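See structure below.
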Protein chains: 2
Amino acid sequence: MNTPGKASLPVIKRLPKYYRYLRTLKNDGITSISSRELAAQMGTTASQVRQDFNCIGDVNGRQGIGYSVENLLSILEHLLFGNGDLLPTILIGCGRLGKAVSRFITTDTNGYKLIAAFDNAPDEVGKEINGIQILHIDELEAFCAEHHPEVAVLCLPRSGAEEISGRLVALGIQGFWNFSHYDLSVSYPDVVVENVHLGDSLMSLGYRLRNQD
Amino acid sequence: MNTPGKASLPVIKRLPKYYRYLRTLKNDGITSISSRELAAQMGTTASQVRQDFNCIGDVNGRQGIGYSVENLLSILEHLLFGNGDLLPTILIGCGRLGKAVSRFITTDTNGYKLIAAFDNAPDEVGKEINGIQILHIDELEAFCAEHHPEVAVLCLPRSGAEEISGRLVALGIQGFWNFSHYDLSVSYPDVVVENVHLGDSLMSLGYRLRNQD
DNA sequence: TAGATTGTTAATCGATTAACAATC
DNA sequence: TAGATTGTTAATCGATTAACAATC
């Protein structure tokens, strides 16, 4: 029997990848897979797969056979999406990036529901984005008091994020998907932040390209 | 004197963050900073700052004083952007995400130069994106033979990325900034890949939110 | 000088990999 | 049964943190 410990952040980051692979396996009609084979397909090691599966619950692997794809999927689905309730989410900043990113939020396999979008540009307010009317940022407090969103997606320049994030934390937002270059996890260590710094990501790629063997 | 070793990936990933912080410091007229103070502002430890600086070259820290902001910046700039030559880059996929992301490529502080964009949708071909005409994906080989791009940015669905990436590798592309859910680093372990999986990122955020203490 | 801070080595911590008995 | 594969413990590897002599 498995003795699941709390999954560490590196493990958590790998769960969506397992989830995606297992979905394609199920799609291909494969019902069972060994850690060795899964590792080969994902570019990792069998050991790591088994260690990871140990953390996530009762995976019911069978010696000599492997793991049930169906069972793994249902465990991962529960961990990643809970009981199926979507996390009510608001988007702050409806520029080019905000518009692009809003499509990812709304995708039904991510577990989020976009319930509002805000901008400070008068010519954006009132327009639609993914079927939702863009509100003026001044209406943030009133909206949150009524609808209690749990997640905020920040698609703002750094200065805007600095200004707004305090208001969002005060309003009880639990989680941030942050595309700004303002490091929320430093200022608010108690909230859950996923920082997606596109500029930083490009810069590290550049470093590795310029300093290849 | 420093004895710089090769920077590890975790170190490399922190370099852009140092770079950004030091830029704001310089902007504020601050010429010197200690590891302790920098660490406090960045949410890390003084030890880590000093260890990181040990890897990146001759930082010339002065006991009792700290580091020269100017000197650190010039070292980081050289590491991140080389001698200033921009990396010739092509964009594959000009949908919503591609359009949003193209703005980040072109930003002059990232070290890249967007020289072409490709799509397979006939109604996108010929349009402009950031001052560049969108070409049909069929022209990829001819264009690369003539202009030798070094980096490709993939803003495609998974299936498209699987199909195109082999062609790009064959054409000698060295680096990928990959937004698809196709894991290039598994298929092509010898190229430099920065995988930015927005869906995965959202899913891990969801896991952490749903499994908070 | 005295206080502060570096550069660097050593200690700790955590994550990955290896090994292997249990068993399907 | 024999071969394959798990679950789990131990070993290794690497990254972070702590410590401290050197010295500005």
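A note on names: the letters A, B, ... follow the listed sequences, proteins ahead of strands, and every chain is numbered from 1. Below, each value reflects all heavy atoms present in this structure, side chains not excepted, and no hydrogens, waters or symmetry copies. These numbers come from a predicted model, not from an experiment.
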Interatomic distance, [X] [atom1] vs [N] [atom2] [rounded to whole Å]:
{"X": "Phe53(A)", "N": "dT8(D)", "atom1": "CZ", "atom2": "C1'", "value": "16 Å"}
{"X": "Gln63(A)", "N": "dG3(D)", "atom1": "CD", "atom2": "P", "value": "17 Å"}
{"X": "Leu72(A)", "N": "dG7(D)", "atom1": "CG", "atom2": "P", "value": "9 Å"}
{"X": "Ile56(B)", "N": "dG7(C)", "atom1": "CD1", "atom2": "P", "value": "11 Å"}
{"X": "Asn71(B)", "N": "dT6(C)", "atom1": "CG", "atom2": "C1'", "value": "14 Å"}
{"X": "Leu38(A)", "N": "dT6(D)", "atom1": "CG", "atom2": "C1'", "value": "14 Å"}
{"X": "Asn60(A)", "N": "dC24(C)", "atom1": "CG", "atom2": "P", "value": "12 Å"}
{"X": "Ile65(A)", "N": "dT6(D)", "atom1": "CD1", "atom2": "P", "value": "10 Å"}

Within the structure shown, what part of the strands sits under 4.0 Å from [X] by heavy-atom distance: base, sugar-phosphate, or nothing?
{"X": "Arg50(A)", "answer": "base"}
{"X": "Ser35(B)", "answer": "sugar-phosphate"}
{"X": "Ser47(B)", "answer": "base"}

Note: for Asp52(A) and Arg62(A) on DNA chain C, the residue whose nearest nucleotide lies more 5' is Asp52(A)
Result for 5'-nearest mapping on DNA chain C, choosing between Gly66(B) and Pro10(A), is Gly66(B)
Using modelled atom types and a 3.5 Å cut-off, is there a donor and acceptor pairing between side-chain atoms of [X] and backbone atoms of [Y]?
{"X": "Arg23(A)", "Y": "Leu73(A)", "result": "no"}
{"X": "Thr24(B)", "Y": "Tyr21(B)", "result": "yes"}
{"X": "Lys99(B)", "Y": "Cys94(B)", "result": "yes"}

Item checked: Side chains of Phe118(B) and Leu91(B) in contact at under 4.5 Å (non-hydrogen atoms) -> no
Would you say [X] reaches [N]'s phosphate, i.e. side-chain N/O to OP1/OP2 under 4.0 Å?
{"X": "Asn54(A)", "N": "dG7(D)", "result": "no"}
{"X": "Thr45(A)", "N": "dT17(C)", "result": "yes"}
{"X": "Tyr67(A)", "N": "dC24(C)", "result": "no"}

- Item | Under-4.0 Å salt bridge between Asp200(B) and Arg20(A) | yes
Checklist line | Between Tyr182(A) and Ser159(A), a side-chain donor and acceptor under 3.5 Å | finding: no
Kindly indicate whether the side chain of Ser8(B) and the base of dA15(D) share any N or O donor-acceptor pair separated by less than 3.5 Å? no
**OP:** Would you state whether a donor and an acceptor, one from the side chain of Gln51(B) and one from the base of dT8(C), lie under 3.5 Å apart?
**Re:** no
Open item on the list: Are more than 12 heavy atoms, taken from residues, nucleotides or ligands other than Arg62(B), located less than 6.0 Å from that residue's CZ atom?
Closed with: no
Read 5' to 3' with Watson-Crick or G-U pairs under 3.5 Å, [ ] for crossing pairs and | for partners on another strand, DNA chain C gives ..||||||||||||||||||||||
The nucleotide from dC20(D), dT16(D), dT6(D) with an atom nearest the side chain of Gln48(B) is dT16(D)
Worksheet item: What do the steps show when you test Glu194(A) against Lys13(A) for salt bridge (charged side-chain N to carboxylate O under 4.0 Å, His left out), and what is the final call?
Response: CA-CA 11 Å; Glu194(A) 180 86 5; Lys13(A) 296 269 182 190; 3.0 Å; yes
